[in-house]
Amino acid sequence: MKTLLHFIDKVQHSKVINALFLGLTLLAFALGSTYLFTRPMGSGDEALFLDNFEFLKINGWSEAIASKIPLTYFILVYPFALFIKPYLAFRLVNCLLFVLLLFYFYKKGFFKQLYFLTYFIFFSSTAWFLIGTNDPLFIIAIVVFFTESYLLIEKKNYNVSLLFSALIVAFFTRELIYIYIPVLVFTFYLLYKSGIQLGKSLLVPGVLFLVLLAINIPSIQKNHSLSYDDKTPPKELACTWTQRQYLAQLLVNQGKLPNHQHPSFEETIAYLKANGEDSLPKTISESLTFDYQLTIKEFFKDFIEVLFYSIRNTGLIVFFVLLVPFLGFKKSNFMATNYLPIVVFLVLAIFSFIIISYVEGRWLVPVYLMAIVFFCDKIVTQEKYKVVVFLNNIIIVSVLFFGIYRILPKLF
């Protein structure tokens with residue numbers, strides 16, 4: 001056993017091996033980014049955003065806001081779209097946001113830990129920031145909020161003004177923020193218990209909130225809501241996204257549809273006509289109570305699935321972070337000490353519970369990034385967990401080789 005520990009210690013302190021590890025992650029990052037950046041424009045939700053932007057150019061800001069567009073994101077994109085094609089402007093803005101996140105982690109001192117940089121680049125080899133939508137803006141805002149909250153609770157180099165500004169940007173960027181409400185309540189409880197000092201720290205967030213609220217007035221007046229991207233299907237289709245997703249899971253369970261696929265809206269409408277309007281739930285809240293047995297079954301299945309999905313993105317980091325509360329980290333003040341592991345668990349559990357079909361990986365990017373933050377700050381730095389770090393690195397290297405092997409034929 002001592003020989004094994006000595007070997008692990010030499011490996012983890014070897015500059016050559018660590019350099020190779022980082023080099024391999026950079027190669028995977030370059031290949032993944034190249035693959036996604038060169039994909040056809042208008043793929044997936046990007047097509048909706050391109051349509052929204054075209055509507056904005058033709059009809060002007062006021063009418064576009066009233067018709068619901070991804071307003072906060074388009075404010076950033078618009079100046080670039082004056083000189084380059086909109087889809088390139090989307091991706092360019094998201095690349096700049098990614099660089100901004102890198103700079104943020106650098107300023108906060110996380111890059112002093114080599115493993116943090118390696119894990120961050122490894123995770124980002126999926127090129128999540130190259131999706132031509134407002135997902136990266138929301139992800140980065142929510143990650144900064146949780147990181148600042150963590151730093152405040154830990155009393156380390158935090159910025160209260162940045163904390164609230166990031167939350168406001170997330171709030172005005174995507175309706176997805178409402179799913180985070182239980183986690184936000186938990187966070188603010190811990191911030192209050194930590195003795196957060198507001199003072200002048202709310203000046204910048206307050207001005208930001210009022211400005212974003214003011215430019216949302218056309219949508220508030222017409223729709224009684226903020227101007228978010230509107231993914232509801234056309235009214236003439238006479239069905240909802242929830243019905244389509246619910247039917248997808250029913251068909252998957254019957255073996256009539258591959259997992260992670262959806263039936264078309266036309267197929268959903270045909271199902272409703274054949275089985276009655278009440279044969280599928282119309283809203284998320286209805287879907288949770290529509291079939292309790294299915295809801296419970298899908299919760300456990302989805303939760304296990306997102307855990308295994310996390311291996312592709314973080315190695316075993318998410319598993320280890322979720323185990324931390326059981327490893328005896330300062331049992332006094334349990335919630336504050338285990339803030340990020342609890343956040344990771346809650347977000348994974350919430351998505352697994354409310355989504356009856358399958359949980360999309362892009363929704364979990366903030367969770368995986370927060371797991372990396374905690375893992376590098378609390379686990380990598382402790383000598384007693386060097387076996388855990390070594391095992392995780394072996395898994396990541398294996399995933400890297402497999403990923404590079406799979407993507408190379410797609411590029412050449």
Side-chain angles (χ1 to χ4, degrees), residues 70-77 79 93-94 96-113 116 120 129 134-217 220 226-228 335-337 339-340 342-344 346-347 365-367 369-370 372-374 376-377:
L71 177 56
T72 309
Y73 182 59
F74 278 4
I75 291 173
L76 299 178
V77 168
V93 165
N94 290 344
L96 293 175
L97 289 171
F98 177 74
V99 172
L100 190 62
L101 182 62
L102 278 170
F103 180 73
Y104 167 77
F105 281 130
Y106 167 75
K107 292 294 289 184
K108 290 296 176 178
F110 285 100
F111 284 178
K112 292 177 182 177
Q113 170 58 257
F116 180 86
F120 181 83
F129 57 92
N134 58 357
D135 282 345
L137 177 60
F138 177 82
I139 289 165
I140 290 168
I142 206 72
V143 164
V144 170
F145 168 76
F146 282 128
T147 303
E148 288 297 326
S149 298
Y150 169 69
L151 293 174
L152 191 151
I153 292 168
E154 293 283 317
K155 308 298 183 186
K156 300 178 182 176
N157 189 27
Y158 61 87
N159 185 317
V160 175
S161 181
L162 181 58
L163 183 155
F164 283 102
S165 296
L167 180 61
I168 288 166
V169 170
F171 177 74
F172 280 93
T173 299
R174 287 206 62 187
E175 278 184 297
L176 194 64
I177 190 66
Y178 296 118
I179 293 178
Y180 283 83
I181 286 177
V183 189
L184 295 178
V185 171
F186 170 66
T187 297
F188 280 115
Y189 169 75
L190 289 185
L191 293 179
Y192 169 76
K193 295 288 287 185
S194 298
I196 182 173
Q197 298 295 318
L198 299 179
K200 296 180 180 179
S201 301
L202 292 183
L203 178 60
V204 172
V207 171
L208 179 63
F209 176 81
L210 291 176
V211 169
L212 290 176
L213 186 65
I215 61 179
N216 272 273
I217 287 176
I220 295 171
L226 298 178
S227 181
Y228 294 117
M335 289 190 295
T337 304
Y339 167 63
L340 283 184
I342 294 172
V343 166
V344 171
L346 286 176
V347 176
V365 173
V367 180
L369 286 174
M370 297 322 303
I372 292 173
V373 166
F374 186 85
C376 290
D377 196 45

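Keep in mind that this is a model prediction, so the values were computed, not measured.
Using a 30° and 60° split on the angle between ring planes, F116 and F105 fall in the perpendicular class, above 60°.
Here the CG atom belonging to L202 is positioned 12.0 Å from the CZ atom belonging to F209, to the nearest 0.5 angstrom. Rounded to the nearest 0.5 angstrom, F145 CZ and L167 CG are separated by 5.0 Å. Within the model, atoms CZ of F186 and CG of L191 stand 10.0 Å from one another, a figure rounded to the nearest 0.5 Å. Taking CD1 of I179 as the reference point, atom CG of L346 lies at 13.5 Å (rounded to 0.5 Å). Here CG of L176 is found 9.0 Å from CD1 of I139. Values are rounded to the nearest 0.5 Å. Annotation: the span from E148 atom CD to S161 atom OG amounts to 9.5 Å, rounded to 0.5 Å.
Atom OH of Y106 sits in a sparse spot, with 12 or fewer heavy atoms from other residues, nucleotides or ligands closer than 6.0 Å. Enclosure of atom NZ in K156 by more than 12 non-hydrogen atoms of other residues, nucleotides or ligands within 6.0 angstrom is indicated. The number of heavy-atom neighbours closer than 6.0 Å to OH of Y189, taken from other residues, nucleotides and ligands shown, is 12 or below.
Between V144 and A166, the closest heavy-atom pair is CG1-CB, 3.8 Å. Considering every non-hydrogen atom in both I153 and A336, the closest pair reads CG2-O, 3.7 Å. Taking every heavy atom of both residues into account, K108 and L151 meet most closely at CD-CD1, 3.8 Å.
With hydrogens and angles ignored, the 3.5 Å screen pairs a side-chain donor or acceptor of T72 with a backbone N or O of F172. Under a 3.5 Å cut-off, the side chain of K155 and the backbone N or O of S194 do form a donor-acceptor pair. Without hydrogens or angle criteria, N216 side chain to L212 main chain gives a donor-acceptor distance under 3.5 Å.
Within the 4.5 Å cutoff, the side chain of D135 has heavy atoms near those of the R174 side chain. Side-chain contact between L208 and V169: present, with at least one pair of heavy atoms (C-beta onward) separated by less than 4.5 Å.
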*Assess whether side-chain contact (heavy atoms from CB on, under 4.5 Å) is satisfied between I177 and I142, documenting all intermediate values.*
CA-CA 9 Å; I177 190 66; I142 206 72; 3.6 Å; yes
*List the steps and the verdict of side-chain contact (heavy atoms from CB on, under 4.5 Å) for L97 and F129.*
CA-CA 8 Å; L97 289 171; F129 57 92; over 6 Å; no
*Going through the distances and angles, do L100 and I140 end up as a side-chain contact (heavy atoms from CB on, under 4.5 Å)?*
CA-CA 9 Å; L100 190 62; I140 290 168; 5.8 Å; no
*Verdict with reasoning, Y104 to T147, per side-chain contact (heavy atoms from CB on, under 4.5 Å)*: CA-CA 10 Å; Y104 167 77; T147 303; 3.4 Å; yes
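In this structure Y150 satisfies the ring pair (Phe, Tyr, Trp, His ring centres under 6.0 Å) test with no other residue, sequence neighbours excluded.
Judged by distance alone, the side chains of Y73 and N94 do bring a donor and an acceptor atom under 3.5 Å apart.
Side-chain rings of F120 and F98 approach one another, their centers coming within less than 6.0 Å.
Each of Y180, Y192, Y339 was checked for a side chain to side chain donor-acceptor pair (under 3.5 Å) with T187, and the lone residue meeting it is Y339.
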